[in-house]
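Inspection log for the structure reproduced underneath, given as structure tokens.
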Number of protein chains: 2
Amino acid sequence: MSIKQVAKLAGVSTATVSRYLNSPEQVKEKTRDKVQAAIDKIGYAPNALARNFRRGKTSLIVVVLPSIGDPFLESVMRGVWKVADELGYSILIRDTQSNSHEFDEYTDLVFSKQADGILLLASISPFSEPEAQRGSRGKTHPPLVLGLESVTRELIRFPSVRVDNVAAAAEGTDYLIQLGHQRIAFIAGKRDSLLTHDREQGYRNAMGAAGLEIAEDWVVEGEQTIDGARRATRQLLQLQQRPSAIFCANDEMALGALHEIKSAGLKVPQDISVIGFDDIRYAEITDPPLTTIAQPAEEIGERSMRRLCQIIDGNSDERGPETVPHKLIVRNSTAKISGR
Amino acid sequence: MSIKQVAKLAGVSTATVSRYLNSPEQVKEKTRDKVQAAIDKIGYAPNALARNFRRGKTSLIVVVLPSIGDPFLESVMRGVWKVADELGYSILIRDTQSNSHEFDEYTDLVFSKQADGILLLASISPFSEPEAQRGSRGKTHPPLVLGLESVTRELIRFPSVRVDNVAAAAEGTDYLIQLGHQRIAFIAGKRDSLLTHDREQGYRNAMGAAGLEIAEDWVVEGEQTIDGARRATRQLLQLQQRPSAIFCANDEMALGALHEIKSAGLKVPQDISVIGFDDIRYAEITDPPLTTIAQPAEEIGERSMRRLCQIIDGNSDERGPETVPHKLIVRNSTAKISGR
DNA sequence: TTGTACGCGTTATCAA
DNA sequence: TTGATAACGCGTACAA
């Protein structure tokens with residue numbers, strides 16, 4: 001059951017067994033065979049717990065994300081896993097259930113040595129003052145990299161990998177403006193999501209740059225869910241001055257918007273254009289297929305994970321944010337504004 | 001950094017600190033305060049690795065699933081997490097990338113003491129012979145519960161929680177038959193998925209019971225993906241004798257089928273009825289909304305996780321499969337066959 | 001109520 | 001090339 005029994009059975013010392021396990025080339029072939037035979041005989045499996053304990057390393061990385069089952073995050077995770085496999089790490093996923101508090105709950109996993117680092121793919125809102133607290137307690141920061149999300153002032157010092165959400169959203173909005181739209185609404189996410197906040201900012205920037213007004217009730221909250229977006233859309237449709245286009249802060253909400261618009265008997269894009277963000281796999285099979293802004297999801301996962309591992313291994317080269325390119329994908333949910 | 005330093009600073013023994021941490025009521029209040037003060041001062045966090053090592057328990061459970069980002073599994077996981085939080089377990093997710101081999105890879109996590117148990121939500125195909133192997137090596141089975149999937153002979157002895165896929169699929173097929181359909185096609189999943197295999201069986205049973213023939217080319221593989229289902233659907237549409245209804249082994253594939261049918265200029269349900277399985281959150285916003293068979297996803301997660309924890313704690317009451325109810329959800333993607 | 005001392009399974013350091 | 005042995009940080013008899 002333990003290394004001792006293997007040693008006894010093989011007639012060698014525990015040190016030799018350990019060596020055989022970790023650097024076999026240091027063990028004479030004849031001894032190797034004896035040890036392996038003993039291992040097979042008693043069905044020995046090394047206790048990884050003891051090993052990690054001894055080594056002071058878990059090779060476990062915690063990925064914090066708002067919601068498993070998010071098709072976009074799935075793509076990001078694919079990149080994360082790729083690197084993890086390559087570098088010998090395991091991934092522990094924590095789903096925040098779309099709540100964005102309790103930063104400490106996750107960092108504690110590192111401080112208590114249960115994990116080596118944290119990949120944060122979720123919104124950590126205002127980030128309270130754990131920062132200051134840590135400082136005063138003499139604690140150091142855990143290895144941490146941010147993916148996707150925009151960065152608050154408190155987090156700016158951490159490495160991050162993401163698209164330029166402001167610019168991307170501005171580009172999407174511009175596209176609508178080029179199509180002749182002027183009454184453009186925006187369905188935002190949760191209030192405390194920095195990410196959708198940035199996208200909203202991009203939208204506002206583009207509108208401002210084009211000299212277009214944004215009516216007070218053109219920006220509504222969609223709660224990052226289909227149902228939330230449906231409610232938001234319903235509000236927009238009831239407006240006196242109905243918008244001719246809707247920018248949804250992500251595709252999930254765009255799906256809800258599309259459905260609600262069609263349920264109201266209106267046509268997309270003839271009556272209303274819709275644009276999303278993320279390019280999830282469902283975007284191309286909606287009816288009509290959704291115009292959206294794609295992020296290089298897998299690349300984001302891969303690069304952020306790689307940076308995290310570098311930090312853990314003490315090879316943290318550079319700091320600060322890293323930006324990856326986005327891309328506007330034009331499908332059929334957007335069209336020139338109909339003459340009226 | 002360690003319990004020793006806390007002890008030293010507080011002027012007590014390490015045993016007292018340990019006691020304070022684990023059963024504070026055994027420590028005098030005054031001592032408690034001293035210890036807590038020391039803990040605060042040096043920012044001590046217990047080393048969970050050492051603790052788990054000592055206790056011989058990790059409080060970590062591995063959930064093996066085919067694909068994160070599956071909206072159905074998200075619901076299952078919600079139930080899993082609920083129980084995990086309640087019982088003090090952490091969840092480690094392993095994504096098989098929809099591959100269904102390598103059972104040992106996961107059980108090893110338990111044998112190497114990195115996890116206490118395994119919740120298997122993925123297909124383990126034919127299960128090779130690790131079974132026999134284990135037996136001969138005198139190894140015992142790891143705590144393992146199966147959710148969702150049907151059970152092979154090799155796995156029958158493990159507890160499991162799932163709907164009766166055969167009966168459910170038969171019910172769905174029956175419903176189509178009641179609507180007057182006779183040429184009913186079936187889009188299956190991957191060949192090695194037991195789950196979709198069972199659903200196919202249900203379909204075949206129902207067809208047989210109704211005295212309906214199943215043409216050779218009415219059963220096609222959809223690979224459990226949107227794209228796979230689109231290809232499969234394309235094949236079906238090119239058939240001489242076009243089916244009047246398609247049963248998809250899950251909703252994801254049904255989404256692909258719907259899209260492909262509409263792309264071909266046909267109408268659902270007027271030209272072809274479509275029915276899915278799982279009732280994912282997108283099912284009600286497709287165009288038309290999808291008729292499907294709902295599983296109590298969260299309940300499945302909850303119950304299977306609860307059973308697993310019981311086994312780990314040695315309270316394994318009963319064994320074998322446990323069945324939860326399914327429910328046919330009728331929406332608008334199915335209709336009576338049009339007179340022709 | 002508290003302290004001493006041992007052991008969990010492993011790896012690393014030193015000698016041999 | 002191998003063996004003896006000291007850690008790693010914690011929990012827990014047992015003794016005080």
Side-chain angles (χ1 to χ4, degrees), chain A residues 1-39 41-60 88 90 108-116 139, chain B residues 1-39 42-60 88 108-116 139:
Chain A
M1 209 174 173
S2 87
I3 209 173
K4 270 188 197 161
Q5 331 213 9
V6 177
K8 202 165 118 190
L9 186 59
V12 299
S13 74
T14 60
T16 301
V17 179
S18 176
R19 264 191 297 264
Y20 168 69
L21 259 22
N22 298 295
S23 36
E25 70 281 0
Q26 291 184 30
V27 179
K28 203 167 46 166
E29 183 165 353
K30 214 167 156 185
T31 318
R32 275 197 290 228
D33 296 343
K34 279 195 298 186
V35 175
Q36 183 58 55
I39 287 176
K41 184 146 187 184
I42 66 174
Y44 165 77
N47 182 329
L49 223 51
R51 167 179 292 170
N52 292 339
F53 166 53
R54 177 59 232 241
R55 288 189 177 149
K57 201 186 170 193
T58 60
S59 296
L60 200 65
S90 291
D108 278 356
L109 283 167
V110 173
F111 288 123
S112 70
K113 307 275 191 276
Q114 297 196 87
D116 294 342
K139 278 200 184 178
Chain B
M1 209 173 175
S2 88
I3 209 173
K4 266 190 200 160
Q5 331 214 7
V6 176
K8 201 165 118 191
L9 186 59
V12 299
S13 74
T14 60
T16 302
V17 178
S18 176
R19 267 191 295 264
Y20 168 71
L21 258 23
N22 297 296
S23 36
E25 69 281 2
Q26 289 183 32
V27 179
K28 200 165 52 164
E29 182 165 355
K30 215 167 157 185
T31 317
R32 277 197 289 230
D33 295 344
K34 277 195 299 188
V35 174
Q36 183 58 53
I39 288 176
I42 67 173
Y44 166 77
N47 182 329
L49 222 52
R51 170 179 288 171
N52 292 339
F53 167 53
R54 177 64 233 249
R55 288 188 180 147
K57 202 187 167 191
T58 61
S59 296
L60 202 63
D108 278 355
L109 283 167
V110 172
F111 288 123
S112 70
K113 306 278 192 278
Q114 296 195 88
D116 294 342
K139 277 201 182 178

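Just so it is clear: chains get the letters A, B, ... in the order the sequence lines come, proteins before strands, and each one is counted from 1. Everything numeric in this text was worked out from a predicted model, so none of it was measured.
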When rounded to whole Å, the CD1 to C1' distance for the pair B/Ile3 and D/dG11 reads 8 Å
Those residues at least two apart in sequence (or on a different chain) that pass ring-ring contact (aromatic ring centres under 6.0 Å, His included) with B/Tyr20 are none
Rounded to whole Å, the NZ-P distance (A/Lys30 to D/dT2) equals 11 Å
**OP:** Indicate yes or no for a side-chain donor-acceptor contact from A/Ser23 to the backbone of A/Gln26 under 3.5 Å, with no hydrogens or angles considered.
**Re:** no
Rounded to whole Å, NZ of B/Lys57 lies from C1' of D/dG11 at a distance of 15 Å
From CG of B/Asn52 across to C1' of D/dC8 the rounded distance in Å is 15 Å
On a heavy-atom basis, the closest approach of B/Thr58 and B/Lys113 is CG2-O, 3.0 Å
Of all heavy-atom pairs linking B/Ala10 and B/Ala38, the shortest is CB-CB, 3.8 Å
For A/Lys57, the side-chain contact (heavy atoms from CB on, under 4.5 Å) test, sequence neighbours excluded, returns A/Ser59, A/Tyr89, A/Asp116, A/Ile312, A/Asp313
Applying side-chain contact (heavy atoms from CB on, under 4.5 Å) to B/Glu29 and not counting sequence neighbours gives B/Arg32, B/Asp33
Side chains of B/Leu21 and B/Ile39: does their closest heavy-atom pair fall under 4.5 Å? yes
The helix from C/dT1-D/dA16 to C/dA16-D/dT1: angle between terminal helix axes, five bp per end, to the nearest 10 degrees, reads 40°
Rounded to whole Å, CD of B/Gln5 lies from C1' of D/dC10 at a distance of 14 Å
Sorted by chain and number, sequence neighbours left out, side-chain contact (heavy atoms from CB on, under 4.5 Å) with B/Lys4 holds for B/Ser2, B/Thr14
Check: Is there a donor-acceptor pair under 3.5 Å between the side chain of B/Thr16 and the backbone N or O of B/Val12?
Finding: no
With sequence neighbours left out, the residues meeting side-chain contact (heavy atoms from CB on, under 4.5 Å) with B/Arg54 are none
Does the structure show B/Phe53 stacking with D/dC10, if we require the centres to be closer than 5.5 Å and the planes to be within less than 30 degrees of parallel?
no
Any protein N or O atoms within reach of nucleotides 3-6 of chain D? Criterion: under 3.5 Å, listing atom names and distances.
unit_1	atom_1	unit_2	atom_2	d
D/dG3	OP2	A/Ser13	N	3.0
D/dG3	OP2	A/Ser13	OG	3.3
D/dG3	OP2	A/Thr16	OG1	2.5
D/dG3	N7	A/Arg19	NH2	3.0
D/dG3	O6	A/Arg19	NH1	3.3

Item checked: Phosphate contact (D/dC10 OP1 or OP2) by B/Tyr44 side-chain N/O below 4.0 Å -> yes
* Asked: Is A/Asn22 touching bases, backbone alone, or none of the nucleic acid, heavy atoms closer than 4.0 Å?
  -> sugar-phosphate
Min and max contacting nt of DNA chain C in 5' to 3' order, chain B heavy atoms within under 4.0 angstrom, are C/dT1 to C/dG9
From CZ of A/Arg32 across to C1' of D/dT2 the rounded distance in Å is 14 Å
Closest non-hydrogen atoms of A/Val27 and A/Thr31, given as atom of the first, atom of the second and distance, are CG1-CB, 3.6 Å
Whole-Å distance, B/Asn47 CG to D/dC10 C1', equals 8 Å
Here the distance between atom C1' of D/dG9 and atom NZ of B/Lys8, to the nearest Å, is 16 Å
